[in-house]
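Values in this document were obtained by computation on a predicted structure and should not be read as measured data. To find a chain, count down the sequence lines: A is the first, B the second, and so on, and within it residues start at 1.
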Number of protein chains: 2
Amino acid sequence: MTQDDFTETVTADDVATLAGVSRWTVNRAFKPEASISEKTRTKVMAAAQQLGYVPDLQAASLASDRSNLVALLVDDFANPHKLVMMEKLTRILRQNRWDTLLVNTLDAEDATSALLTASQRRVDAAVLIGVQFDDQVLKTALGARRVRKLILFARQSENPNTISICCDDQAAMTTIADYVIAQGYQRPLFLAGPQTVSAHLHRKETFVARWQAAKDHPCPVIPVGAYDPDLAYQTVAERLQGLTDSNRPDVLVCENDALAMGAIDALRYELGLQVPQDIAVTGFDDAPLAASPHYRLTTYRQPLADMVQGLVQVLKGETPDTPLTGFEGELIIRASA
Amino acid sequence: MTQDDFTETVTADDVATLAGVSRWTVNRAFKPEASISEKTRTKVMAAAQQLGYVPDLQAASLASDRSNLVALLVDDFANPHKLVMMEKLTRILRQNRWDTLLVNTLDAEDATSALLTASQRRVDAAVLIGVQFDDQVLKTALGARRVRKLILFARQSENPNTISICCDDQAAMTTIADYVIAQGYQRPLFLAGPQTVSAHLHRKETFVARWQAAKDHPCPVIPVGAYDPDLAYQTVAERLQGLTDSNRPDVLVCENDALAMGAIDALRYELGLQVPQDIAVTGFDDAPLAASPHYRLTTYRQPLADMVQGLVQVLKGETPDTPLTGFEGELIIRASA
DNA sequence: GCGCATTTTGCACGCGCGAGCAAAATAGGT
DNA sequence: ACCTATTTTGCTCGCGCGTGCAAAATGCGC
């Protein structure tokens, strides 16, 4: 490491002169699929190493209209499961040489602006793992140029210009419903998330329909304003307060684990009920802590790694080998139901 | 929305012709501090709006050597508190017109490569909020060009070329120690994180020293291999198994909430102990769920928002109005100790 | 060693914008 | 209205690299 390498950026030209080749050959050496002889490649790489050169991806994306950059829009930082998703996404994307721009979308109004931010960085795709995106946002997002692909991850939309990657919510929730029914529960209550979003899950509809079909009476639903354990806690505490044993639900089917955890805490600490003896609870996601002895949550785990692989295929423009909205997860049976 | 706006990128030139000005005037209109008359700015903005134009930040950063991009390196996705940090960082950075590149750093070996990735995107700074960065990594990172600023967020290093932004861990842990002592606990056990990192916290040293000074006998320490609740659970279960009431610690001082939560679960569900009656627990961070009725964790909350503001000042090159390693948080007293 | 097919290398041009200065327009004073 | 001080606008050149093709080098069969 000589003294001349402060922060002067070293370009492909520098490497080229050192290696005695042209600038283009240098850059070719860094592309796995380029046509270049092994001999010159090693020669170039040695020179690059010596100078500490790495190709400038900004410049590359300017010149080529591919950036290998993906924007990840998140608006739901209250849900610890998002951490798991982010980890898987960033890791697997990086393995495939994509970088991730993390954009914090404050709310639905902000989503458009967030998408704009992404487009200013020439991202190859925007991946939405939040919850508050409505069709209006999706539409204007696609009107805006430069976001070539709009991908809903673990969410779904009918919008023909978006790509949804998610597990088969219907199959998944049917599995849960059948399990709940098989366990002999009689008075379910469905704890749903915000009812305003249209890029959504089919969990509520599926469960309600399935229950109706099997038992011939409806399943009540209460919505929580956000997928937030604290809000779920409050909502459950209020809504179940003062009910007698016989008109209280005997199972709480929750749209995801964040709601389920808040619900369990409310049941225990506000209503003094035992889970699952007095009331059972199911979740969805298998979030961190779902397995902890405190919750022992019966839940459903999505095949996140496979779904991210699907995403990679979409980004590469390959035709995915699994239907993108039909991933299959598994029911994780623990003690809560 | 006319039909011609598919995905053809609209550049400043297009807006310029429509507005009847030069390309440079168009770009000036988008910089708040530029010298431009209000009249032409509104004219330009109208034209831009009509065409759906936004400046291309990639091109801008190529031309200007400032990218308004910050890399956020994270290696600790098991800790839910990271979600809070990410939310604050991305939100406040975006408010100040910085975008965030999220880089998942698998382990210490990978850190160098992660830094390289960041440098390839011409980031203005790399912000480390992970735990596994050792001095070797920091050194090579600074050897690599193009990462102009290396910032440790909520961590500290003696390396003179890095910038640490953190609260005064010594003051913070002293506060906790004094509280623990004032509560009359006699047999503390310090639950520490991995002992190998050198970009670190001073919590353990501070507590141990403080205890020694006050009580004149040492405080034992057990390390956990990672800041992971599950690992903490196992470690605590193993290490406290079979101890009698009198030789068991009466307070577990944990380096952060992730450890504390795992510890609490282990105490309750493996050892059948009551918190805080049989053994008290303190944490650090005030992570999500720390306030939940299940944990009611006595912990210490860092002034994250202020710290991010400090980061923004560093990025802007301003001299911060608070010493960057001296932020003051507050002790949150709940039921666990 | 020759002729051809094939691989490897070099190059003109442009991606969209910014720094910094020169030209033009405007304001202010008399 | 005229001259100067100031603001506003236009422009040259280059940031580091990719595309697509042409030139050079290499390999192969005989």
Side-chain angles (χ1 to χ4, degrees), chain A residues 7-45 47-48 51-69 97 119-124 145-146 148, chain B residues 7-45 47-48 51-69 97 119-124 145-146 148:
Chain A
T7 316
E8 306 100 33
T9 46
V10 24
T11 78
D13 275 311
D14 305 331
V15 180
T17 23
L18 178 60
V21 295
S22 75
R23 175 173 74 68
W24 293 270
T25 305
V26 172
N27 287 2
R28 258 190 288 259
F30 280 88
K31 323 196 149 193
E33 74 284 4
S35 156
I36 184 174
S37 75
E38 243 351 279
K39 201 169 48 176
T40 56
R41 169 171 270 151
T42 49
K43 181 173 63 179
V44 167
M45 291 312 241
L51 297 179
Y53 168 80
V54 272
D56 184 324
L57 296 182
Q58 304 274 83
S61 89
L62 184 59
S64 75
D65 90 1
R66 285 199 59 209
S67 60
N68 274 328
L69 230 200
R97 311 208 291 131
S119 83
Q120 292 189 281
R121 298 278 176 193
R122 301 180 155 238
V123 296
D124 290 335
R145 49 255 71 221
R146 285 203 287 199
R148 266 102 81 178
Chain B
T7 315
E8 307 97 34
T9 45
V10 23
T11 79
D13 275 312
D14 304 331
V15 180
T17 23
L18 178 59
V21 296
S22 74
R23 173 173 76 69
W24 295 270
T25 305
V26 172
N27 287 31
R28 260 190 286 259
F30 280 88
K31 322 194 150 192
E33 73 285 4
S35 157
I36 184 174
S37 75
E38 241 354 277
K39 204 169 46 176
T40 55
R41 170 171 270 153
T42 49
K43 183 172 61 179
V44 167
M45 290 312 240
L51 297 180
Y53 168 79
V54 273
D56 183 324
L57 296 181
Q58 303 275 82
S61 90
L62 183 59
S64 75
D65 90 2
R66 284 200 58 210
S67 61
N68 274 325
L69 230 200
R97 312 206 291 131
S119 83
Q120 291 188 281
R121 297 279 176 192
R122 299 179 158 243
V123 296
D124 290 334
R145 49 259 68 222
R146 285 202 288 198
R148 265 102 81 177

How is [X] classified with respect to the nucleic acid when contacts are heavy atoms under 4.0 Å: base, sugar-phosphate, or nothing?
| X | answer |
| --- | --- |
| A/Lys39 | nothing |
| B/Leu62 | base |
| B/Thr11 | sugar-phosphate |
| B/Ser61 | nothing |

For [N], does OP1 or OP2 lie under 4.0 Å from any side-chain N or O of [X]?
| X | N | value |
| --- | --- | --- |
| B/Ser37 | D/dT7 | no |
| A/Lys31 | D/dC17 | no |
| A/Ser64 | D/dG18 | no |
| B/Thr9 | C/dG16 | yes |

Distance-minimising heavy-atom pair for A/Val26 and A/Tyr53: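 In this case the closest contact between A/Val26 and A/Tyr53 is CG1-CE2, 4.2 Å.
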
Nearest atoms (heavy-atom pairs only) where A/Ala19 meets A/Ala47: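 Heavy-atom minimum between the residues: CB-CB, 3.9 Å.
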
What is the distance, to the nearest angstrom, from the [atom1] atom on [X] to the [atom2] atom on [N]?
| X | N | atom1 | atom2 | value |
| --- | --- | --- | --- | --- |
| A/Arg41 | C/dT8 | CZ | C1' | 12 Å |
| B/Asp14 | C/dG16 | CG | P | 9 Å |
| B/Tyr53 | C/dG16 | OH | P | 10 Å |
| B/Asp13 | C/dG14 | CG | P | 13 Å |
| B/Leu57 | D/dC15 | CG | C1' | 16 Å |
| A/Asp56 | D/dG14 | CG | P | 18 Å |
| B/Asp65 | D/dG14 | CG | P | 17 Å |
| A/Glu33 | D/dG18 | CD | P | 10 Å |

Donor-acceptor check, side chain of B/Asn27 to backbone of B/Trp24, threshold 3.5 angstrom: yes or no?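 Absent.
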
What's the closest nucleotide to the side chain of A/Asn27 if the choices are C/dG18, C/dG10, D/dG18?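 Of the candidates, D/dG18 comes closest.
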
Nucleotide nearest B/Thr25 when distance is taken to its side chain, options C/dC13, D/dT9, C/dG10: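 Side chain of B/Thr25 sits closest to D/dT9.
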
Polar pair under 3.5 Å, donor/acceptor by atom type, side chain [X], base [N]:
| X | N | value |
| --- | --- | --- |
| B/Arg122 | D/dG16 | no |
| A/Arg23 | D/dG18 | yes |
| B/Arg66 | C/dG18 | no |
| A/Trp24 | C/dT8 | no |

Minimum side-chain heavy-atom gap A/Gln58-B/Leu57 below 4.5 Å: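 Result no, sub-4.5 Å side-chain heavy-atom pair not found.
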
Does B/Glu38 or A/Ala63 map to a spot on DNA chain D nearer the 5' end, using the closest nucleotide for each?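 The residue closer to the strand's 5' end, by nearest nucleotide, is B/Glu38.
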
So for the helix from C/dG1-D/dC30 to C/dT30-D/dA1, with five pairs setting each end axis, what is the inter-axis angle to 10°?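 If I round to tens, the end axes sit 10° apart.
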
Got a second to check how far [X]'s [atom1] is from [Y]'s [atom2], nearest 0.5 Å?
| X | Y | atom1 | atom2 | value |
| --- | --- | --- | --- | --- |
| A/Asp124 | A/Asp65 | CG | CG | 8.5 Å |
| B/Asp56 | A/Ser61 | CG | OG | 7.5 Å |
| B/Ser67 | B/Arg122 | OG | CZ | 8.5 Å |

Could you list the donor-acceptor pairs under 3.5 angstrom formed between side-chain atoms of residues 28-39 of chain A and any protein atom two or more places apart in sequence or on another chain?
from	atom 1	to	atom 2	distance (Å)
A/Ser37	OG	A/Thr40	N	3.4
A/Ser37	OG	A/Thr40	OG1	3.0

